There are 2 protein chains.
Amino acid sequence: MNKKQIQSGQTRRKIADAARHLFVQKGYKATSIEEITAATGSSKGNLYYHFKSKEGLFLYLLDEWDRDWIAKWREKEHLYTTAAEKMYGFAEQMVREDLNHPLTKAADEFFIGDDKTCEVEDRLAEMVSEHLSFNRTLIQQGIDSGEFRENDIQGLALVLEALVIGLSQVSRRADLTQALQTYRLAIEVFLHGIAARPET
Amino acid sequence: MNKKQIQSGQTRRKIADAARHLFVQKGYKATSIEEITAATGSSKGNLYYHFKSKEGLFLYLLDEWDRDWIAKWREKEHLYTTAAEKMYGFAEQMVREDLNHPLTKAADEFFIGDDKTCEVEDRLAEMVSEHLSFNRTLIQQGIDSGEFRENDIQGLALVLEALVIGLSQVSRRADLTQALQTYRLAIEVFLHGIAARPET
DNA sequence: TAAGATATTGACCGAACGTTCAGTATAGAA
DNA sequence: TTCTATACTGAACGTTCGGTCAATATCTTA
């Protein structure tokens, strides 16, 4: 590995990290290329040397982030025995990994905005379905083990997704402790509800 | 009332309606003044004759929408007897009133964007606390009537808010029937959870 | 060390957007 | 009818932003 290649890789990393941080914090549109380069100390042209476009940079981050997230989850998953524990673990990872998944806020802008490329559109649709599939598996496991009631799994996966998206928005300006507490309470509610006794 | 004053009022209404529709559909930033005027048939200058600025227009819509929402709720509230029914009614109104509250998406951009005026910031903070207060009341009523378990009310209000925000995002591209179904399921889960039996 | 590949710079471009303003049309007052 | 306040128009302005490019610096290789 060259000295040049190493430094080039470091630059790429620095840009990606700064961009991810800003996208999460401010959203996609509200984050300008100039802000990203200002945060890295390098120049605008250099960013365009390493990444094709703003969209390309964002897409790169989406892929990277998703890979990391799944990898971290696979590491921890076997530590949890019950499906309920997995749910709490799931929530905790959501909070600790920068308080939200890129899908949550920044990607949502893409869904609504009308200026999205086909490539981006496809990739996002894919990620959403991956997300829902992840949630379905989580719920299915609980049903199989007898922990959860038989129910509309696809619907529940959507509700869980909604809960997670909403939580990340509500918690964006909260500190880690508060966020963790809210997430845990939310999962508790998701599992047990707030009604005094379940209808049988 | 003059003929002129009437027409002026109608223009104002037409602009406000078109703007609300677009803001809800596309978000705040993604909606341009030009689009709004194109949808009304009147001119850019005319919009600025009736409203101070884009922000001012948005603020006007927030106030108006909030008033309408609360008024409609007060109309229906007495029809529901149990707190659980109120929850479902709450969800239904959320869906029917254009699939979301302006707070949900467009206003969220303000929270994150750094270009907000103090006036807007204050008004939004006020509205959030009103929202949470509304949720608290709803939950408190259920506890008082013995329907809901005693619990961290402020936390639950936040979770409910997160759920509602998330639902509106997840349902934005769904039709009314689907959305209603998802919202109902979500409230069901919020009330009863998904666990096979509650921990006692 | 010379030549060439690679990495970085920052001025610049065109498009989009919010906002302004000089000017026009119209309804009611005199 | 004439005058005036109100309602409305659309070209133009200043700014912001994503993206480009010719020039330059830095490192590798021969």
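This one's a predicted model, so the numbers in the text were calculated from it and none came from an experiment. All heavy atoms count here, side chains included; hydrogens, waters and symmetry mates do not.
Mapping A/Glu34 and A/Ser43 onto DNA chain C by nearest heavy atom places A/Ser43 closer to the 5' end of the strand. Both B/Ser32 and A/Ser8 lie near DNA chain C, and the one whose nearest nucleotide falls closer to the 5' end is A/Ser8.
The side chain of B/Ile33 has C/dG18 as its nearest neighbour among D/dG19, C/dG18, C/dT8.
One atom, OH of A/Tyr28, and another, P of D/dT16, lie 20 Å apart when rounded to the nearest Å. Put simply, CD1 on B/Ile15 is 15 Å from C1' on C/dT19, counting in whole angstrom units. Between the CD1 atom of A/Ile6 and the P atom of D/dT26 there is a distance of 18 Å, given to the nearest Å. Distance B/Gln7 CD to C/dT26 C1': 9 Å, rounded to the nearest Å. What separates CD of A/Gln10 from C1' of D/dC27 is a distance of 15 Å, to the nearest Å. The distance between atom CG of A/Leu47 and atom P of C/dA7, rounded to the nearest whole Å, is 15 Å. Separating the CD atom of B/Gln5 from the P atom of C/dA27 is a distance of 14 Å, rounded to the nearest angstrom. B/Phe51 places its CZ atom 12 Å from the P atom of D/dC8, with the value rounded to the nearest Å.
Taking the centre of each ring, A/Phe134 and A/Trp69 come in below the 6.0 Å mark.
At least one donor-acceptor pair under 3.5 Å links the side chain of A/Ser168 to the backbone N or O of A/Ile165.
A/Thr37 comes within contact range of no nucleotide atom at all, as no heavy-atom separation falls under 4.0 Å. B/Thr31 comes within contact range of the sugar-phosphate backbone alone, with a heavy-atom separation under 4.0 Å but no base atom that close.
With rounding to the nearest 0.5 angstrom, the CG atom of A/Leu138 is 7.0 Å from the CZ atom of A/Phe148.
A cation-pi arrangement is not found for A/Lys54 relative to A/Tyr48, the charged atom failing to lie both closer than 6.0 Å to the ring centre and inside a 45° cone about the ring normal.
In summary, the side chains of B/Glu34 and B/Ser32 do not present any donor paired with an acceptor at a separation below 3.5 Å, with no hydrogens or angles considered.
The phosphate of D/dC8 has neither OP1 nor OP2 within less than 4.0 Å of any side-chain N or O from B/Tyr49. One finds no side-chain N or O of B/Tyr48 lying less than 4.0 angstrom from the OP1 or OP2 phosphate oxygen of C/dT20. Look at A/Asn46 and you'll find a side-chain N or O under 4.0 angstrom from OP1 or OP2 of C/dT9. OP1 and OP2 of D/dA7 both lie 4.0 Å or more from every side-chain N or O belonging to B/Thr11.
Taking only distance into account, the side chain of B/Lys44 meets the base of C/dT19 through a donor-acceptor pair shorter than 3.5 Å.
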